[in-house]
Amino acid sequence: MAGCGTGDLPLADRLLAWYDRSHRHLPWRVSPGDRRAGIVPDPYRVWLSEIMLQQTTVASVKSYYETFLRRWPDIGALAAAHVDDVMKAWAGLGYYSRARNLKKCAETVAGRHAGIFPDTVARLKELPGIGDYTAAAIAAIAHDRPVAVVDGNVERVVARLAAIATPLPAAKPAIRAFVEEVLSRDRPGDFAQATMDLGATICTPRRPACILCPLAPDCKALAAGTQEAFPVKPDKADKPQRRGAAFVAVRADGAVLLRQRRAEGLLGGMSEVPGSAWNARIDGSTGLESAPFAADWKKCGAITHTFTHFRLTLSVYRAEIPEKEAPPGHWWSMPAELAGEALPTVMKKAIEAAIEGATKKQQQG
DNA sequence: CAGGCGTGGTA
DNA sequence: TTACCAAGCCT
């Protein structure tokens with residue numbers, strides 16, 4: 001390593017030196033410079049960002065994080081919020097059980113912990129929505145505890161460093177043991193963020209920038225030229241196709257009829273337009289038999305949407321409804337309110353298809 | 001442990 | 001267009 005300058009330093013020190021000059025600037029992050037100046041992260045912000053970032057990209061999270069922080073600046077504010085307002089604010093971000101657990105967790109911390117987040121992994125894991133990763137992340141980043149923080153980035157980094165051939169998730173214990181062995185005891189929070197930044201910007205899933213990697217001298221996969229072969233993951237089953245019908249009832253004043261989904265399961269607790277179940281084979285039928293009530297339903301198109309474990313094709317119907325009371329469990333949402341409803345993306349697509357379809361017909365006619 | 005659970009971006 | 005992926009959790 002003579003001539004490499006820092007090649008003789010421990011792995012953690014080389015990683016932290018890289019992080020000090022190459023870290024990402026993120027709204028929820030305390031930069032290494034600020035941390036050295038004594039600025040302490042707000043556990044509420046760390047927690048909020050970590051929940052949002054579960055299986056979700058930084059780019060998607062940023063605007064939601066800013067909105068939530070402005071509207072609910074601390075744990076007390078979020079604990080006092082109405083869960084329906086939280087669901088509305090979360091709409092579009094996905095994995096909606098996170099939003100319900102976020103609210104439950106805020107209530108627990110505000111009520112039973114006097115508004116103070118626990119600082120141990122074990123206590124943090126008792127809270128709803130906080131698992132192995134998030135508990136470790138909060139302990140390390142918010143409380144500077146020397147714990148192993150292992151997310152998808154770190155799994156990839158370590159699997160390559162140590163050329164771990166065991167497929168995930170069986171390889172997780174070995175990966176965790178590696179991190180516990182090398183993590184910084186002086187700067188645990190920065191070390192955790194540094195490993196994740198390295199995975200996100202250098203040690204990427206495809207075409208990693210090994211030439212820029214501060215850990216290249218340590219990397220067994222790089223030495224063998226097999227970086228992209230790690231981590232080893234099982235094959236994923238292909239997604240089945242489901243079909244269904246969605247009914248967009250539009251009143252003369254433009255209001256759209258909505259209802260709420262059950263709290264559990266897919267899109268739990270979110271709002272939707274009335275529709276059929278999503279496993280029905282309506283190939284031979286019109287789909288109209290599942291309409292919420294009799295009306296002059298006109299098919300105005302179909303939308304497709306891909307969920308985690310199936311593809312959905314929705315036939316979209318629209319009807320102009322004269323002044324009519326909403327059926328039990330339903331409500332009319334005025335145009336000005338519609339954008340603020342707790343509508344998942346698939347429902348926004350369906351409503352859009354109905355409105356657009358009608359607009360086109362008007363223009364043509 | 002395996003499978004349910006969203007969405008948008010990228011190659 | 002298909003396939004994979006992104007700071008996972010819960011049952």
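Only a predicted model underlies this, so the values are computations on that prediction, with no experimental measurement involved. A, B, ... follow the sequence lines: proteins, then strands. Residue 1 opens every chain. In what follows, every heavy atom counts, from backbone to side chain, and hydrogens, waters and symmetry copies are set aside.
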Measure from [atom1] on [X] to [atom2] on [N] and round the result to the nearest Å.
{"X": "A/Asp235", "N": "B/dG3", "atom1": "CG", "atom2": "P", "answer": "13 Å"}
{"X": "A/Lys62", "N": "C/dA6", "atom1": "NZ", "atom2": "P", "answer": "17 Å"}
{"X": "A/Gln241", "N": "C/dT2", "atom1": "CD", "atom2": "P", "answer": "10 Å"}
{"X": "A/Leu53", "N": "C/dC5", "atom1": "CG", "atom2": "C1'", "answer": "15 Å"}
{"X": "A/Lys233", "N": "C/dG8", "atom1": "NZ", "atom2": "C1'", "answer": "12 Å"}
{"X": "A/Trp47", "N": "C/dC9", "atom1": "CH2", "atom2": "P", "answer": "14 Å"}
{"X": "A/Glu155", "N": "C/dA6", "atom1": "CD", "atom2": "C1'", "answer": "12 Å"}

Classify the nucleic acid contact of [X] as base, sugar-phosphate or nothing, counting any heavy atom under 4.0 Å across all strands shown.
{"X": "A/Trp28", "result": "base"}
{"X": "A/Leu312", "result": "nothing"}
{"X": "A/Arg207", "result": "nothing"}
{"X": "A/Arg100", "result": "nothing"}

Annotated protein contacts, base or backbone, on nucleotides 5-11 of chain B with a non-hydrogen cut-off under 4.0 Å, one of B, S, - each: BBBS---

Take A/Arg123 and A/Glu126 through the salt bridge (charged side-chain N to carboxylate O under 4.0 Å, His left out) test and state the conclusion after the steps. CA-CA 5 Å; A/Arg123 289 293 184 197; A/Glu126 294 173 2; 3.2 Å; yes

Please check if the side chain of A/Arg98 supplies one atom and the backbone of A/Met52 the other of a donor-acceptor pair under 3.5 Å. yes

Establish, from distance only, whether the side-chain atoms of [X] and [Y] form a donor-acceptor pair under 3.5 Å.
{"X": "A/Gln54", "Y": "A/Tyr133", "answer": "no"}
{"X": "A/Lys239", "Y": "A/His309", "answer": "no"}
{"X": "A/Ser333", "Y": "A/Glu341", "answer": "yes"}

Using atom [atom1] in both nucleotides, what's the gap between [N] and [M] to the nearest angstrom?
{"N": "C/dC10", "M": "B/dC1", "atom1": "C1'", "value": "13 Å"}
{"N": "B/dG6", "M": "C/dT11", "atom1": "P", "value": "14 Å"}
{"N": "C/dC4", "M": "B/dG3", "atom1": "P", "value": "16 Å"}

Rounding to 0.5 Å, atoms CE (A/Met196) and CD (A/Gln193) come to a distance of 6.0 Å

More than 12 heavy atoms of other residues, nucleotides or ligands under 6.0 Å from CZ of A/Arg185: is that the case? yes

Using a 6.0 Å cut-off, check whether atom CZ of A/Arg45 has over 12 heavy atoms from anything other than its own residue. no

Please list, in numerical order, the residues of residues 121-151 of chain A that have a heavy atom closer than 4.0 Å to any atom of DNA chain B. none

Quick check on the 6.0 Å ring-centre criterion: do A/Phe310 and A/Phe307 meet it? yes

Near-ring test A/Phe117/A/Trp47, centroid separation under 6.0 angstrom: yes

Does OP1 or OP2 of C/dA6 have a side-chain N or O of A/Arg156 closer than 4.0 Å? yes

Within the structure, does a side-chain N or O atom of A/Lys236 lie under 4.0 Å from either OP1 or OP2 of B/dG3? no

